[in-house]
Amino acid sequence: SLFFGSAKAIKLSVVEYKVAELYCHGFIDKEVAERLSKPIWTIRTYKKHIYKKLGISSQQELVLYMVAKFVGSVFDLENIRELGLKAILK
């Protein structure tokens, strides 16, 4: 499982972080693309790279990753799947 905040912390690029942040606003691919003035296929490629880096498979998991990062919590996907938000908001 991925432990965010450990010695092997995953780093998103500046653009990947901005894309992830926009998904936290509830935007869909097209809206993210419009806000960043990029083609939709570029945004989808960024999203694919973000998912691969983080070992996640959904936009919900991406938002949970961002919440964990925002509150300074460990992002442990297995623990989150078992405990939900309690795993992040201890």
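- In plain terms, the two heavy atoms of Arg81 and Ser57 that are nearest each other are NH2-OG, 4.0 Å.
- Nearest heavy-atom pair across Ala68 and Ile88 is CA-CG2, 3.6 Å.
- Atom CD of Glu61 sits about 9.5 Å away from atom CG of Leu54, to the nearest 0.5 Å.
- Taking both residues in full, the closest heavy atoms of Glu16 and Ile50 are given as O-CD1, 3.3 Å, listed atom of the first, atom of the second, then distance.
- Between Leu22 and Phe27 the shortest heavy-atom distance is O-CD1, 3.3 Å.
- A salt bridge is absent between Glu31 and Arg35: the closest approach of a Lys/Arg side-chain nitrogen to an acidic carboxylate oxygen does not fall below 4.0 angstrom.
- The heavy-atom pair separating Ser73 from Ala87 by the smallest distance is OG-O, 3.9 Å.
- Interatomic distance, Leu62 CG to Tyr51 OH, rounded to the nearest 0.5 Å: 6.0 Å.
- Side-chain contact between Arg44 and Lys48: absent, with no pair of heavy atoms (C-beta onward) separated by less than 4.5 Å.
- With rounding to the nearest 0.5 angstrom, the CD1 atom of Ile28 is 9.5 Å from the CD atom of Gln59.
- Within the 4.5 Å cutoff, no side-chain heavy atoms of Ile40 are placed close to those of Val32.
- Proximity of a side-chain donor or acceptor of Tyr65 to a complementary backbone N or O of Ile56 within less than 3.5 Å is not detected.
- Heavy-atom minimum distance, Lys53 versus Lys11: NZ-O, 3.2 Å.
- Considering only heavy atoms from C-beta on, Asp29 comes within 4.5 Å of Tyr23 through its side chain.
- The side-chain heavy atoms of Met66 and Tyr17, taken from C-beta on, include a pair separated by under 4.5 Å.
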| Pair Leu85-Leu64, side-chain contact (heavy atoms from CB on, under 4.5 Å): steps then yes or no | CA-CA 8 Å; Leu85 280 176; Leu64 288 170; 3.6 Å; yes
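- Rounding to the nearest 0.5 angstrom, the gap separating the CG atom in Leu36 from the OH atom in Tyr46 is 8.5 Å.
- Within the 3.5 Å criterion, the main-chain N or O of Trp41 finds a donor-acceptor partner in the side chain of Thr45.
- Phe70 and Leu83 fall into different hydrophobic clusters, where Ile, Leu, Val, Met, Phe, Trp and Tyr side chains are chained together by heavy-atom contacts under 4.5 Å.
- Taking OG of Ser13 as the start and NE2 of His49 as the end, the distance is 10.0 Å to the nearest 0.5 Å.
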